[in-house]
Amino acid sequence: MNPTTSIYAAKPWLAQLSDAQRAPVQPPATVVHAFRAAVARAPEHPALAYFDGRLTYRETDTLSDSVAGFLASRGVGRGDRVAIMLQNTPHFVLALLGAWKAGATVVPLNPMYKSAEVAHVLHDSGASALICADRAWEEYLRETAADSPVRVALTACEKDLQTRDDPRVLGFQRLPVPTDTDDLTTVARAGHPAPADRDLTATDVALISYTSGTSGTPKGAMNLHRGIMHNAERQRTGHSIPEGAAYFALAPLFHITGMVCQLAVCLANAGTLVLAYRFEAGVVLDAFAEYRPAYTVGPSTAFMALAAHPAATPGHFASFQVISSGGAPLPPALVEKFRAGFGPYIRNGYGLTECTAPCASVPPEKEAPVDPASGTLSVGVPGPETVVRILDENGKEVPFGEQGEIAVRGPQVVPGYWRLPEATAQTFPDGELRTGDIGFMDADGWLYVVDRKKDMINASGFKVWPREVEDVLYTHPAVREAAVVGVPDAYRGETVKAYVSLRPGASAEPAELSAYCEQRLAAYKYPREVEILPELPKTTSGKILRRELRYPA
């Protein structure tokens with residue numbers, strides 16, 4: 001990018017930010033540095049809450065020190081990779097802080113991964129240690145780890161550190177501690193001294209975060225401590241949530257959104273991170289009522305499920321100062337339905353693993369505009385240090401209002417993919433992230449994401465973006481979830497097909513939904529086929545998996 005010729009270098013989005021949001025930030029070097037500062041300020045304040053269990057900042061510091069000491073005693077050194085495959089539990093946080101205190105790089109793993117997916121990540125990252133649930137170890141990870149670089153294994157019973165044993169999510173039976181691993185809770189309580197001289201710096205790799213692999217084999221994005229803390233500090237200062245407030249972990253912690261926007265922000269703010277194992281709408285609503293959190297972030301599908309729960313009331317959401325959505329498209333109709341039913345305005349945001357979660361978000365004092373032409377809800381505006389540009393197929397800038405590929409430059413952008421120089425050069429030319437997302441920016445700096453390049457449907461030569469059709473479907477009162485894909489068609493080449501799930505107690509016929517779209521969309525855009533399913537397939541982070549609908553097994 002040539003700053004003297006770029007129309008985006010003027011950063012028109014700065015006008016949307018307050019003086020406080022534009023002010024420079026000086027984040028701590030790493031999450032551990034931020035955490036230790038919180039320990040010093042509020043040692044007896046609860047750091048972690050898990051059903052009826054509590055750990056103070058002092059206790060969390062001591063327990064994670066012991067995990068670090070254990071890992072160091074087993075030969076885990078600075079820069080070694082420690083894989084963590086756990087749900088949203090205190091064990092995840094103790095393992096994460098312990099690994100970083102030992103000087104290691106963390107490799108977060110999706111607990112839904114199967115053996116082959118785990119094997120790829122362990123081999124590709126060269127992980128020397130694995131920390132996982134005891135049930136997963138007994139079911140399949142023992143054999144997977146045996147044929148990998150892993151030489152240290154810790155397992156956890158995720159029923160530990162609480163006594164409520166909520167059957168909705170913790171109904172499984174306790175297992176004996178595997179004889180070939182060490183128990184994480186026992187290790188944390190053993191009092192191992194943390195190793196000295198292992199402090200990491202802002203430019204060290206904090207995470208090797210494997211992308212979802214929608215376009216091929218998953219690649220490990222190298223998230224630096226600097227990127228994590230930059231985005232965390234921008235959120236902490238921008239949201240103005242009081243120090244010590246409760247943050248509910250709606251997004252999974254293994255996902256970059258949960259890692260940065262929940263865990264890192266919360267610890268930097270000496271807050272209480274409320275954990276509930278995994279998403280179950282009734283459990284989440286109960287936790288809202290018990291802990292009165294001020295902040296949460298999650299995918300739009302989670303808010304759809306919460307809104308559809310028969311027990312949900314405005315009171316469950318009354319404590320929130322900020323509710324954010326990320327990781328999946330946010331339909332404008334959902335924002336308005338949620339506000340009408342429960343009060344809060346859901347603030348949109350946009351980011352990728354490769355830019356360490358958000359690179360654009362809706363400022364707390366603002367509401368995102370809706371593009372009148374497409375009906376797309378803006379994902380917000382970039383931060384002061386970030387430059388977002390829209391590029392054509394040749395990498396040239398397009399004017400404000402025109403569609404192209406979204407490119408991002410800033411301190412949160414990762415330096416590349418782990419051990420993949422060619423993929424790094426392709427995706428990060430001159431350090432700028434080419435996202436693969438199609439969008440546009442208006443003259444006031446509001447960013448709009450239209451869709452993924454690869455999801456575009458070509459119907460008789462006309463481009464159809466699934467998001468536009470999905471947003472129309474979400475305005476139908478019976479529709480709970482929607483996903484639109486292109487399917488082969490002998491006449492058009494591709495035609496539009498919609499998959500939907502319905503709201504509880506609602507009914508609709510496929511022909512009715514197709515006709516509803518036909519009345520609101522151009523003839524080539526409306527879905528000729530509609531299939532109604534009980535649930536749409538999703539990732540653990542709540543993103544609807546179009547590829548599973550496009551290529552059903």
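We're numbering straight along the sequence, starting at 1.
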What residues form a side-chain contact (heavy atoms from CB on, under 4.5 Å) with [X], not counting sequence neighbours?
{"X": "Pro27", "value": "Val25, Met229, Glu233"}
{"X": "Val177", "value": "Asp183"}
{"X": "Asn88", "value": "Ala249, Pro252, Leu253, Leu275"}

* Please step through side-chain hydrogen bond (donor to acceptor under 3.5 Å, both in side chains) for the pair Thr144 and Ser115, ending with a clear verdict. => CA-CA 6 Å; Thr144 305; Ser115 180; 2.7 Å; yes
Any chance you could measure [X], atom [atom1], to [Y], atom [atom2], to the nearest 0.5 Å?
{"X": "Asn348", "Y": "Ser361", "atom1": "CG", "atom2": "OG", "result": "9.5 Å"}
{"X": "Tyr113", "Y": "Leu122", "atom1": "OH", "atom2": "CG", "result": "11.0 Å"}
{"X": "Glu365", "Y": "Ser240", "atom1": "CD", "atom2": "OG", "result": "7.5 Å"}

Among residues at least two apart in sequence or on other chains, which ones pass salt bridge (Lys or Arg N to Asp or Glu O under 4.0 Å) with [X]?
{"X": "Glu470", "value": "Arg546"}
{"X": "Asp52", "value": "none"}
{"X": "Arg347", "value": "none"}
{"X": "Arg168", "value": "Asp166, Asp286"}

* **Contact list for residues 337-359, test ring-ring contact (aromatic ring centres under 6.0 Å, His included), sequence neighbours left out** =>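 Non-adjacent pairs meeting ring-ring contact (aromatic ring centres under 6.0 Å, His included): Phe303-Phe338, Phe317-Phe338, Phe317-Phe342, Phe338-Phe342.
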* To do: Tell me, yes or no, whether the heavy-atom count around Glu531 atom CD, taken from other residues, nucleotides or ligands under 6.0 Å, exceeds 12.
  =>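 Yes, enclosed.
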* To do: Verify the neighbour count for atom CD of Glu44: are there more than 12 heavy atoms of other residues, nucleotides or ligands below 6.0 Å?
  =>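 Result for CD/Glu44: enclosed.
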By ring-ring contact (aromatic ring centres under 6.0 Å, His included), which residues pair with [X], not counting sequence neighbours?
{"X": "His192", "result": "Phe70"}
{"X": "Tyr50", "result": "none"}
{"X": "His230", "result": "none"}
{"X": "Trp137", "result": "none"}

* Which of parallel (below 30°), tilted (30 to 60°) and perpendicular (above 60°) describes His476 and Tyr516? ->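 It falls in the perpendicular class, over 60°.
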* Salt-bridge criterion met for Glu535 and Arg480 (N-O under 4.0 Å) ->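 Salt bridge: yes.
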* To do: Run the salt-bridge test on Arg339 and Glu336 with the 4.0 Å N-O cut-off and return the result as yes or no.
  =>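 A salt bridge links Arg339 with Glu336.
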* When Ser209 is tested against each of Asn223, Thr356, Thr353 for side-chain hydrogen bond (donor to acceptor under 3.5 Å, both in side chains), which residue passes? ->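 Of Asn223, Thr356, Thr353, side-chain hydrogen bond (donor to acceptor under 3.5 Å, both in side chains) with Ser209 is met by Asn223 alone.
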